[in-house]
Amino acid sequence: MPELPEVEGLVRALAPEAVGRVIQDVSISPIVVESKERGREAIIKGMSTEQFIQNMKDMTIVNVTRRSKYIYMDLERNGQSYLLVSHLGMTGAWFTVNSIEEVMEEKFRRHIHVTFTMKDGGLLIYSDIRRFGELRLLNIEADHPPLLKMAPEPFDDDACTHFIDCTLLPRYARKPIKEVIMDGQVISGCGNIYATEALFKMNIHPARKVERISLKRKQELFQVIVDILQESIDAGGSTISDYRNINGEAGTMQDRLKMYGQKECPTCEVETKSMQIGGRTSVYCPKCQR
DNA sequence: GGTTTCCACCGGCAGC
DNA sequence: TGCTGCCGGTGGAAA
C-alpha cells in the first residue's frame, strides 16, 4: 500500500529516468479498454482511452514531482503545458524498462495496464493489480477541483496550523482522531499505516474524539506524524503486500513499524485490539492507548 | 448548502 | 477444491 513516503521514493527514482524524454505511443490493456467501454472509470479518468492515447502522443516529460500521495508529471507539447496526475491506489507501480520482461515480478508483469513507448525506444510502464489507481490528464491542476482541496504538504510551515484549525471545525471536532488525521483535506499523505504508528507513539486511542485532545497533544501528534513520514522516506518506504519502487525494490520501514500489523504491544506485551474506524481497520494497544 | 452515508472501482486471500 | 465475503484510497452521487 503506497503512502506518502513510498510515493516520495518513487518520484525521486522516476524523475531522473523520465524527465526530458518524449512519448511516442501509448497502449492500454484490453481489460481496461473493456471496462471503460462499459462506462467505468478504470484507471484512465476523465476521458476515453482513445482520447488519452491521442492526447499523450508527442508529450515531453518536463518534470516529475509529488503532491500528497499523487505523482504530478508536468508535460509539454508545442509550447502548451499539461499535467498528468497519477495515484497508485492500493497496488499501482511505475517501471522504466527497455522491455516488458524487465518487470521482474510476475504479479506486476501480469497487470500492466498502460505502456508508454518513448521516442528513444524505452518503456514507461504503469502496472496495477487491483486497478484502484488513476491516470488523469489535465491542462492545469485546477481542472480537477479535489486536488485543490488537499491539505498543505506535511513538511510545509503552515501544515500544523492547518491541522489545528481543522480540528476546531464542528465537522471534525466530534470525530475519532484517527479518521481526522487520515483525511487528506486535514493532513496530506497520512494513511492507515502511519496514522496507526503515530497514535501508538502518542499513546492516544484511535477512537478518541478530537475535541477530547488538548492543543498541546494535537501539536505533538502532528510532529510525530511528520517525524514518522520522514523516517519512512529515509528507510525507502514500507513494503507491505504490493508496493515496489521503480527498480522493483522493497523498502525497510515495515521492519520498524511498532503497531501496524502487530499481534502484541511491543511496550507492555498485551494483545493488540482491532476495530473499524471510518471504515478502516485500526490496530491499537488497549492498555497503552487511551 | 453543508454534512453524512453509501457505493464504485478490483484481485487476492482467509475462512469455510 | 471451490465458493463467499471482506479489504481499502478516493471521488462522486444520494440521502
Short side-chain N/O contact to B:dG12 OP1/OP2 from A:His111, under 4.0 Å: yes

A:Arg174 CZ to B:dG2 C1', straight-line distance once rounded to whole Å: 14 Å

Short side-chain N/O contact from A:Ser35 to OP1 or OP2 of B:dC10, under 4.0 Å: yes

Any side-chain donor near an acceptor of the partner, A:Gln276 and A:Ser282, under 3.5 Å: no

Between B:dG1 (C1') and A:Leu169 (CG): distance, integer Å: 16 Å

Which residues share a side chain to side chain donor-acceptor pair (under 3.5 Å) with A:Asn55, sequence neighbours left out: none

Passing option when A:Tyr82 is tested against A:Leu137, A:Thr60, A:Leu138 for side chain to side chain contact (heavy atoms under 4.5 Å, CB included): A:Leu137

5' precedence on DNA chain B between A:Val32 and A:Lys175 (nearest-nucleotide basis): A:Lys175

side-chain hydrogen bond (donor to acceptor under 3.5 Å, both in side chains) partners of residues 25-47 of chain A, not counting sequence neighbours, each pair once: A:Ser29-A:His113, A:Lys36-A:Glu41

Protein-nucleotide distance (A:Ile43, atom CD1; B:dA8, atom C1'), rounded to Å: 14 Å

Any A:Arg40 side-chain nitrogen or oxygen under 4.0 Å from OP1 or OP2 of B:dC9: yes

Spacing of A:Glu134 atom CD and A:His144 atom NE2 [to the nearest 0.5 Å]: 5.5 Å

A:Asp58: partners by side chain to side chain donor-acceptor pair (under 3.5 Å), with sequence neighbours left out: A:Lys119

Whether A:His205 and A:Tyr284 hold their rings parallel, tilted or perpendicular, with breakpoints at 30° and 60°: tilted

Between A:Tyr194 and A:Ser232: side-chain donor-acceptor atoms closer than 3.5 Å: yes

Touch class at under 4.0 angstrom, heavy-atom based, for A:Arg38 against every strand present: nothing

Five-pair end axes of the helix from B:dT3-C:dA15 to B:dC16-C:dG2, angle between them (10°): 50°

Under 4.0 Å protein heavy-atom contacts per nucleotide of nucleotides 6-13 of chain C, with B for base, S for backbone only and - for none: -BBBBSS-

Nucleotide B:dG11, atom P - distance to CD of A:Glu34 in whole Å: 11 Å

Distance, rounded to the nearest Å, where A:Phe108 contributes CZ and B:dG11 contributes P: 15 Å

For A:Val62, the rest of its hydrophobic cluster, which grows through side-chain links under 4.5 angstrom: none

